[in-house]
Amino acid sequence: MTNNGSVRHAIAIYPGSFDPLTMGHMDVIERAAAIFQRVLVAVVVNPQKREPLFTLEERKRMIAASVHDAGLGNVDVTDFRGLLADFVRAQNVDVIVKGLRFVSDFENEMSTALMNRSLSSVDTVFMPSDPRYSFISSSMVKEVFFLGGTIDEYVPLAVLRTMRDKRESLR
Ligand code: PNS
């Protein structure tokens with residue numbers, strides 16, 4: 001997998017919008033950090049889907065604080081714009097990590113993984129979501145929170161605090 005053939009020495013990238021980070025994302029980060037030497041959480045600057053609720057700096061800060069609180073010393077947070085394949089090559093990353101919740105995730109992620117490998121020669125490793133978090137998504141967490149529901153179980157504390165601040169600033 002790496003130049004010396006060891007997974008333990010591989011550098012993994014975990015890309016996403018993280019608008020915001022959820023416990024599902026955190027679970028993937030923690031498990032990847034236990035497998036790989038270093039995990040780079042890469043926040044896309046402009047998600048294709050829609051305008052993010054949180055700024056790039058807010059999204060990165062929430063991840064950095066959550067990773068710090070979880071005591072993960074081999075995880076770094078960065079950002080990228082444009083093609084993931086270009087960023088992966090520029091950073092000398094060995095493997096892309098993606099979490100899978102449902103079959104529908106697999107359908108999208110499979111073609112993305114093949115395209116990314118074709119463009120960069122870097123493979124994607126899929127990590128099955130922990131069943132506790134398989135129904136959580138950033139968009140659902142935002143909807144529940146802004147409609148008054150409790151999301152404490154679904155996001156790290158640093159995210160909950162930032163979401164409360166965001167709600168205040170939008171009032
Ligand atoms: O958290 P998300 O929104 O599922 O993350 C999607 C993301 C950011 C990983 C994906 O959209 C991406 O890699 N965007 C960068 C642009 C790119 O490389 N597109 C081609 C992929 S085939």
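Atoms within each ligand, like the ligands themselves, are counted from 1 in listed order.
- Between Glu109 and ligand 1, a contact under 3.5 Å exists for no N or O pair.
- Ion pairing between Glu168 and Arg171 holds under the 4.0 Å rule for side-chain N and carboxylate O.
- Near Gly82, with a cut-off below 4.0 Å to any heavy atom, the atoms of ligand 1 are 15 (C), 16 (C).
- Less than 4.0 angstrom separates some heavy atom of Gln48 from each of these atoms of ligand 1: 11 (O), 14 (N), 16 (C).
- The shortest contact between atom 3 (O) of ligand 1 and any protein heavy atom is with Ser17 OG, 2.5 Å.
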Given Phe126 and Val97, is the side chain to side chain contact (heavy atoms under 4.5 Å, CB included) satisfied, shown in steps? CA-CA 6 Å; Phe126 293 128; Val97 172; over 6 Å; no
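- Closest to atom 4 (O) of ligand 1, if we only count protein heavy atoms, is Lys49 NZ, 3.7 Å.
- For atom 21 (C) of ligand 1, the nearest non-hydrogen atom of the protein is Thr112 CG2, 3.9 Å.
- Protein heavy atoms are absent from the space less than 4.0 angstrom from atom 10 (C) of ligand 1.
- The nearest protein atom to atom 7 (C) of ligand 1, hydrogens excluded, is given as Gly16 CA, 4.4 Å; this is a heavy-atom distance.
- Under a 4.0 Å N-O distance rule, the pair Glu58/Lys166 qualifies as a salt bridge.
- Nearest to atom 19 (N) of ligand 1 among the protein's heavy atoms is Leu83 CD2, 4.0 Å.
- Listed by number with element, the atoms of ligand 1 under 4.0 Å from a non-hydrogen atom of Met115 are 22 (S).
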Stepwise side chain to side chain contact (heavy atoms under 4.5 Å, CB included) test for Val88 and Asn116: CA-CA 9 Å; Val88 158; Asn116 281 330; over 6 Å; no
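- Between His25 and Phe18, the ring planes are perpendicular. Angles over 60° get that label, and only those under 30° would be called parallel.
- Centroid-to-centroid, the aromatic rings of Tyr14 and Phe36 stay 6.0 Å apart or farther.
- Rounding to the nearest 0.5 angstrom, the gap separating the OG1 atom in Thr112 from the CE atom in Met115 is 9.0 Å.
- Between Lys142 and Asp19 there is a salt bridge, since at least one side-chain N of the basic residue sits less than 4.0 Å from a carboxylate O of the acidic one.
- Residue-ligand proximity, Leu84 to ligand 1, at heavy-atom distances under 4.0 Å covers atoms 13 (O), 17 (C), 18 (O).
- Remark: Asp165 does not engage Arg161 in a salt bridge, criterion side-chain N to carboxylate O under 4.0 Å.
- The nearest heavy-atom contact from the protein to atom 12 (C) of ligand 1 is Phe80 CZ, 4.4 Å.
- Residue Val44 approaches ligand 1 through these ligand atoms, each under 4.0 Å from one of its heavy atoms: 8 (C).
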